[in-house]
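Input: a single structure, listed below in structure tokens.
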Amino acid sequence: MLFLHLADLNRVAEALRTQIDRRNARLAEIRKLHRQWVTMLPTGSGHLMQHIAEQCRLDLRWLRTVLADVEAGRIRDTPDPARLVAKT
């Protein structure tokens, strides 16, 4: 992501869509397993499954935001690299 402004944005968008599809599939599988096992799971396992599902949703929101920026052409380099150097 550091060099997103230098990348082929069509390929980046394709890769982001692939990752979104994978996260959606993973989330669906987690939900399915949770429904199947909810009554048998120990408390810690239930919390772990909930955490994994929440992490998937967080990743999905982030991936969708990046994809929206890529598709809208809102990818830019820093406008003034000298200011970055001066800050360090």
Side-chain angles (χ1 to χ4, degrees):
M1 290 294 154
L2 278 175
F3 303 104
L4 185 59
H5 59 283
L6 301 174
D8 176 340
L9 295 182
N10 290 324
R11 292 184 71 187
V12 170
E14 182 181 325
L16 288 167
R17 286 187 203 98
T18 298
Q19 288 301 314
I20 289 169
D21 290 344
R22 287 181 182 166
R23 293 300 190 300
N24 279 323
R26 184 175 300 151
L27 188 55
E29 185 66 20
I30 291 166
R31 287 177 177 153
K32 176 184 160 191
L33 292 172
H34 188 266
R35 279 192 306 271
Q36 288 175 347
W37 297 347
V38 69
T39 59
M40 301 182 304
L41 287 174
T43 303
S45 296
H47 286 293
L48 181 59
M49 287 186 84
Q50 179 184 2
H51 170 75
I52 294 168
E54 288 178 18
Q55 187 65 52
C56 263
R57 286 190 289 274
L58 176 66
D59 290 347
L60 276 167
R61 283 193 305 272
W62 180 76
L63 287 165
R64 288 176 182 140
T65 300
V66 175
L67 178 59
D69 282 347
V70 168
E71 289 177 335
R74 292 187 299 257
I75 304 303
R76 60 179 168 73
D77 192 0
T78 185
D80 188 2
R83 282 186 65 197
L84 289 176
V85 174
K87 297 283 184 184
T88 58

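Note that the structure is a prediction, hence the values are computed from the model and not measured.
- Leu27 places none of its side-chain heavy atoms less than 4.5 Å from the side chain of Arg23.
- For the side chain to side chain donor-acceptor pair (under 3.5 Å) test, no residue two or more places apart in sequence or in another chain qualifies with Glu14.
- Linking Ile, Leu, Val, Met, Phe, Trp and Tyr residues whenever their side-chain heavy atoms come within less than 4.5 Å leaves Leu58 and Met49 in two separate clusters.
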Indicate every side-chain donor-acceptor pair of residues 63-73 with a distance under 3.5 Å to a residue at least two apart or in another chain.
{"from": "Arg64", "atom 1": "NH2", "to": "Asn24", "atom 2": "OD1", "distance (Å)": "3.4"}
{"from": "Thr65", "atom 1": "OG1", "to": "Arg61", "atom 2": "O", "distance (Å)": "2.9"}
{"from": "Asp69", "atom 1": "OD1", "to": "Arg74", "atom 2": "NE", "distance (Å)": "2.8"}
{"from": "Asp69", "atom 1": "OD1", "to": "Arg74", "atom 2": "NH2", "distance (Å)": "2.8"}
{"from": "Glu71", "atom 1": "OE2", "to": "Arg17", "atom 2": "NH2", "distance (Å)": "2.8"}

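- In this structure, Ser45 and Leu41 approach most closely via the heavy-atom pair CB-CD2, 3.9 Å.
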Give every donor-acceptor pair under 3.5 Å between a side-chain atom in residues 28-36 and any protein atom, sequence neighbours left out.
none

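- Taking hydrophobic clusters as Ile, Leu, Val, Met, Phe, Trp and Tyr residues chained together by side-chain heavy-atom distances below 4.5 Å, Ile20 shares a cluster with Met1.
- If you take CD on Gln55 and CD on Gln50, they are separated by 12.5 Å, rounding to the nearest 0.5 Å.
- In the hydrophobic clustering of this structure, Leu9 does not group with Phe3; members are Ile, Leu, Val, Met, Phe, Trp, Tyr whose side-chain heavy atoms approach within less than 4.5 Å, directly or through other members.
- Rounded to the nearest 0.5 angstrom, Arg22 CZ and Asp59 CG are separated by 13.5 Å.
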